[in-house]
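What follows is a set of notes on a single structure, which appears directly below.
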Amino acid sequence: MKSHAISLLALGGAMAAAVPANAQDAPAPAAPASSAPQTAAQFVEQAEATYNQKTIEQAQADWVYNTYITVDSEAVTARATADKDKFNVDTALKAATFAQQPGLSYDVNRKLSRMRTLIVQPAPSRPGAAEELATLTARLQGIYGKGKGTLKGQPINGSDIEAAMGENRNPAELAEMWTSWHDNVGKPMKADYVKMVELENAGAKELGYADTGALWRSNYDMTPEQFAALTEKLWAEVKPLYDQLHCYTRTKLNEKYGDGVQKASGPIRADLLGNMWAQEWGNIYDIVAPAGAGDLGYDVGDLLKAKGYDPVKMVKAGEGFYSSLGFAALPQTFWERSQITKPADREVVCHASAWDIDNKDDLRIKMCTKVNGDDFITIHHELGHNYYQRAYNKQPSYYLDGANDGFHEAIGDTMALSITPQYLVDIGLLDKSRVPGADKDTGLLLRQAMDKVAFLPFGLLIDRYRWKIFSGEITPDQYETAWNQMRLQYQGIVPPGDRPADAFDAGAKYHVPAVVPYTRYFLARLLQFQFYEAACKQSGWKGPLHRCSFYGNKKVGEKMNAMLEMGASRPWPDALQAFTGSREMSGKPMLRYFAPLTAWLQKQNKGKTCGW
C-alpha cells in the first residue's frame, strides 16, 4: 500500500480547562487574574492559546505511542487525547454561543466556525466520556499496530504483508494473507468500534449536528448536503475512466489465472490486485502491461538499489525536490527525530505519516521505509505535508491546517506526479539513454492509472460507509454485509471467499480504527491533477502533460508557497484560485492527463461486457 499521512489537526480532540483571561479584562484590581471572556474576540484569543498548547501535548504523546507501542504509552496517549477532546468539545459548545454576537470580524467568525468543525472525535460532555472514548481509540490503534496475518502458516507483520501482497502471484497464498489479516486485525475491533461510534454520535449531537458524519462533512466551507453533492458530482466525472480500467484489468487477470480464479466477467477478486485493500493496483502492472509499450525499460526500485540508495538517502532525494523549487532545507531535528526505518526492538505503527510536533518547525516523518518505488513516492507525499505545515506556521493556531484536508494530501502527490523519467535523469537515477520514447506513453499512463484512477472509488466509499454507520442506516449486525455490498457497488470487487457475518473487514484498514476521515484522499486524487496541470503551465511545459516535470522551477515553488502559507485562513476556493486560477474542484484535469490512455482502453475493451 502507498501510505498516506495524517495532518495533526485531524487527529482528534482535547481538554476542558479554564482558559486564563487577559489581566486587562479584570473588572477591578481586587478581582482574580482569570475571568470568563466577555466578547467573542476575547474568547477566541484565550481559546487559541490553550488549543495550541493542547495540540503540542497530544502530538508528543501520540508520537511516543506510534513509535513505541506499550501499555504505558497507550495510556499516556489516551490521557492526552481525552484532555484535548474535552477542551475542544467545551470550546465548540461555547463557540456556538459567541457566534451569535453581532458585528464579528471575519477572523473571529471563521475561528468560531473552525472550533466547531475541526473536531473529528466529538466526546460527550458528561464526566468520563472523553476518557472512555480516548481509551477505545488507543486500543483500536494498538490492535492495528500490532496486527499480523499469516503466509504459509507463519506470522507476518503489517508492513511485510503489504509488501508481500504486492509481489506474490500465488492465488492461494494471496487469499491466505488477505483472509488472515482481515480476521486477525478487523474482527477483534468490532465491539470497541460500536461503542466508539455511540460515544462520537452523542458528542456530535451535543454540538448541534445530526451525527458524526454530518460534522465531518461540515468542514468544507459548505453545508453537509452540498459537500456530499460535490463528491457525487466529481465521482460522476471520473467514473467512466475507472470503469474502463476495471474492465481491462479484469481481462488481464483472467488471462493470467483462468476462470477458476478470476472470471472474465463480473467483479474482480480483491486479493489479486496487489494491495491488501485493492485500493491501488500498480503492484500488478507486470500482469496488465501492454506488449511492447508496457516495458518502460526501468523500475524505480531497481534504480534506487543500483545507485546504493538506503532509506535516508531516499528521504534526502525527496527533500531535494522541494529544495529545487526554492523551499528551505528541512531542519536538522527532522533527521534526528524522524522514524525513517522500522526499529528492530519494538512494536510501532508502520503506516506512513507526517508530523509537526510543535506547530513551528519540529517536523518529522514516521515510516518503515523499504528501498522500492512505492516508498520513494510515499516519501515525496509525506514531505508535502511537512512543507505545507512549515509554510503556514506563522498563522494563528486555528488556521494551522490545509485549506481543506484534501489540499494537505494533494501537495505531496502533486510532487510525486513529477517523478517522471526526466526527473529521474535530473537527479542521476536514470541514464538519459534509457528514457522511454513516445511509444511507451501508453505504458507510462497505464502504470499511473493503476494507482491514481484505481483508487478513486475506494477513496469515496470509506467515508460513505462510515457516514451510513454514523447515521444509523448501517447497524452493527450489518457492518460486514454492508461493507462488502459497497465494495462491490463502488469498486467492483469481492473478497476471495465468503466472509462471516460477525467479521469487521473495514477495521483492517488503518484509517478506520485511527478515525481519520477519508474523503480527503478522494479529493486529493483530483486536486493533485489540478495543481500539477497548473504547475506545468506555469513552468512553460509544452509536451504531453504526463511527461511534465517542474523540478527546479522556482517560479512554481513561489506561487505554490503563496497558497500553502494561507493555511486554513481563507475558504478553500480562495486557496485553489491562488495557485490554479479556478475556484472549483474538478475531475477534468485528471481526464485530460489520461486522455490518451482512455482512448487506448476503449479499443482494448471493444466487444467486452464491462461493468459488474
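Remark: the His246 side chain and the Gln491 side chain contain no N/O donor-acceptor pair separated by less than 3.5 Å. Side chain to side chain, Arg217 and Thr519 fail the donor-acceptor criterion of an N or O pair below 3.5 Å. With 3.5 Å as the limit, one finds no donor-acceptor pair spanning the side chains of Thr341 and Thr369. In this structure, a donor-acceptor pair under 3.5 Å is present between the side chains of Gln244 and Asn605. For the residue pair Glu48 and Asn52, no side-chain donor N or O sits within less than 3.5 Å of a side-chain acceptor on the partner. Judged purely by distance below 3.5 Å, without hydrogens or angles, the side chains of Asn359 and Thr55 pair a donor atom with an acceptor atom.
Using a cutoff of 4.0 Å between basic side-chain nitrogens and carboxylate oxygens, Lys588 and Glu237 are scored as salt-bridged.
Note: Tyr490 and Trp235 have tilted aromatic rings, judged against thresholds of 30 and 60 degrees for the angle between ring planes.
The side-chain heavy atoms of Met590 and Val238, taken from C-beta on, include a pair separated by under 4.5 Å.
Stacking of Arg570 on the aromatic ring of Tyr106 is recorded, both the 6.0 Å distance cut-off and the 45° axial limit being met. With Tyr298 as the aromatic partner, Arg434 does not meet the cation-pi criteria of under 6.0 angstrom to the ring centre and within 45 degrees of the ring axis.
Aromatic ring centres of Tyr532 and Phe529: separated by at least 6.0 Å. In this structure, Tyr248 has its ring center under 6.0 Å from that of Trp600. Ring-centre distance between Phe458 and Tyr518: below the 6.0 Å cut-off. Taking the six-membered ring where the residue is Trp, the centroids of Tyr399 and Tyr392 are separated by 6.0 Å or more. Annotation: Phe321 is in aromatic contact with Tyr423 [ring centroid separation under 6.0 Å]. Between His546 and Phe594, the distance from one ring center to the other does not fall under 6.0 angstrom.
Taking CG from Asp221 and CZ from Arg114, the interatomic distance works out to 8.5 Å, rounded to the nearest 0.5 Å.
If you run side-chain contact (heavy atoms from CB on, under 4.5 Å) between Phe407 and each of Gln528, Met563, Arg520, only Met563 comes through. Evaluated for a side-chain contact (heavy atoms from CB on, under 4.5 Å) with Leu429, the options Val425, Ile427, Asp431 yield exactly one hit, Ile427. A side-chain contact (heavy atoms from CB on, under 4.5 Å) with Pro517 is found for one member of Ile462, Asn219, Asp463 and no other, namely Asp463.
Shown here are the ring pair (Phe, Tyr, Trp, His ring centres under 6.0 Å) partners of Phe227, two or more places apart in sequence or in another chain: Tyr220.
Sorted by first then second residue, the salt bridge (charged side-chain N to carboxylate O under 4.0 Å, His left out) pairs that include residues 306-318, not counting sequence neighbours, number zero.
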